[in-house]
Each structure stands twice: as C-alpha cells, then as structure tokens.
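First up is the structure itself, then whatever we jot down about it.
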Amino acid sequence: MINVTEAAAEKAMILISNSESDNETDLGLRMQVIGGGCSGFQYNLEFGEAKGTDRVFEFHGLKVFIDPRSSLYLAGSVLDYNDGLMESGFKITNPNAKNTCGCGESFSV
C-alpha cells in the first residue's frame with residue numbers, strides 16, 4: 001500500500017483539470033517503477049486511465065493507478081508535493097530504496 005499526501009493529491013487534480021481530455025473523470029495518476037537511471041530503477045509519474053491489471057487507489061479524491069510489478073517496489077511509499085522556493089515538484093519517499101543516485105532520480109533495492 002502507498003500513501004499520497006493531501007498536497008500531492010491537490011496538485012495532481014489541478015493538473016488533471018487543466019488537461020485537454022474530454023473524460024477527466026476516468027483520469028488519474030499512474031505511478032510506475034521502470035528500469036533506468038544510474039542506480040537501476042526510476043520513478044515514472046503520468047496522467048492517464050487505469051489499465052486492465054492496475055490496482056486502483058483513491059487519496060483525497062485523486063485516483064492512483066499502479067501496475068502489479070511496480071506495486072512491489074512502491075509498497076509503503078509516500079507521494080508528496082513540495083512548492084518551495086528552492087525545490088518544487090512531486091517527491092516519492094520509498095522505504096524499499098537501499099541506495100539513491102546523487103540527483104535523487106533513481107534508486108536500487
């Protein structure tokens with residue numbers, strides 16, 4: 001299971017509402033772990049609709065879609081959104097990550 005903070009859910013829903021999709025009610029945030037980066041795995045966040053095997057969660061009104069493979073790597077993770085002067089954007093805190101690269105974009109387990 002993952003968790004999404006209220007700040008992250010609010011920002012994602014704003015971005016979804018600003019999209020040019022005709023069917024916003026089916027849209028949500030897809031969280032994936034894909035191969036790549038200097039540590040082996042990296043996160044991929046995108047807006048879209050649920051796929052057949054996705055697990056669907058809802059946090060503060062936001063639908064979140066996670067494929068079965070990614071759910072293994074994301075278990076216990078928290079998605080937050082920071083809107084600060086020095087740092088702004090979505091941030092994933094993952095207790096399963098053993099190492100991260102210097103830029104924080106990739107991790108290993």
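This one's a predicted model, so the numbers in the text were calculated from it and none came from an experiment.
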Trace of the side-chain contact (heavy atoms from CB on, under 4.5 Å) decision for Glu58 with Val64: CA-CA 6 Å; Glu58 189 166 330; Val64 178; over 6 Å; no

Under the criterion side-chain contact (heavy atoms from CB on, under 4.5 Å), I'd like the reasoning laid out for Leu62 against Ile16: C-alpha separation, chi angles, the key distance, then a yes or no. CA-CA 10 Å; Leu62 173 69; Ile16 288 171; 4.0 Å; yes

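Between Ser71 and Ile66, the shortest heavy-atom contact is N-CG2, 3.5 Å. Scanning all heavy atoms of the two residues, the minimum distance from Leu74 to Ile2 falls at O-CG2, 3.3 Å. For the residue pair Ser70 and Met31, the shortest heavy atom distance occurs at CB-O, 4.1 Å. Considering every non-hydrogen atom in both Ser88 and Asp83, the closest pair reads OG-OD1, 3.4 Å. Nearest heavy atom pair, residue Ile34 against residue Arg69, reads CA-NH2, 3.9 Å. Nearest heavy-atom pair, Ala7 versus Asp80, reported as atom, atom and distance to 0.1 Å: CB-OD1, 4.1 Å.
Connection of Tyr43 to Phe47 is established within a shared hydrophobic cluster, with ILVMFWY side chains joined at heavy-atom distances below 4.5 Å, either directly or through further cluster members. Linking Ile, Leu, Val, Met, Phe, Trp and Tyr residues whenever their side-chain heavy atoms come within less than 4.5 Å places Leu27 and Leu45 in a single cluster. The hydrophobic cluster containing Phe90 also contains Phe41, counting ILVMFWY residues as joined when their side-chain heavy atoms lie under 4.5 angstrom apart, directly or transitively. Ile92 and Tyr81 fall within the same hydrophobic cluster, where Ile, Leu, Val, Met, Phe, Trp and Tyr residues are linked whenever their side-chain heavy atoms come under 4.5 Å apart, directly or through other members.
For Met1, the side chain to side chain contact (heavy atoms under 4.5 Å, CB included) criterion is met by Phe57, Phe59, not counting sequence neighbours.
Think of Phe65 as one node in a network of Ile, Leu, Val, Met, Phe, Trp and Tyr side chains linked at under 4.5 Å; its network also takes in Val56.
Put simply, the side chain of Arg30 gets close to the backbone of Glu49: a donor and an acceptor are under 3.5 Å apart. Side-chain atoms of Asp54 come within 3.5 Å of backbone N or O of Lys51 as a donor-acceptor pair. One N or O on the side chain of Asn96 and one on the backbone of Tyr73 form a donor-acceptor pair closer than 3.5 Å.
Leu29 has its side chain within reach of Leu79: a pair of non-hydrogen atoms, C-beta onward, lies under 4.5 Å apart.
Met13 contributes atom CE, which lies 12.0 Å from atom NZ of Lys63 (distance to the nearest 0.5 angstrom).
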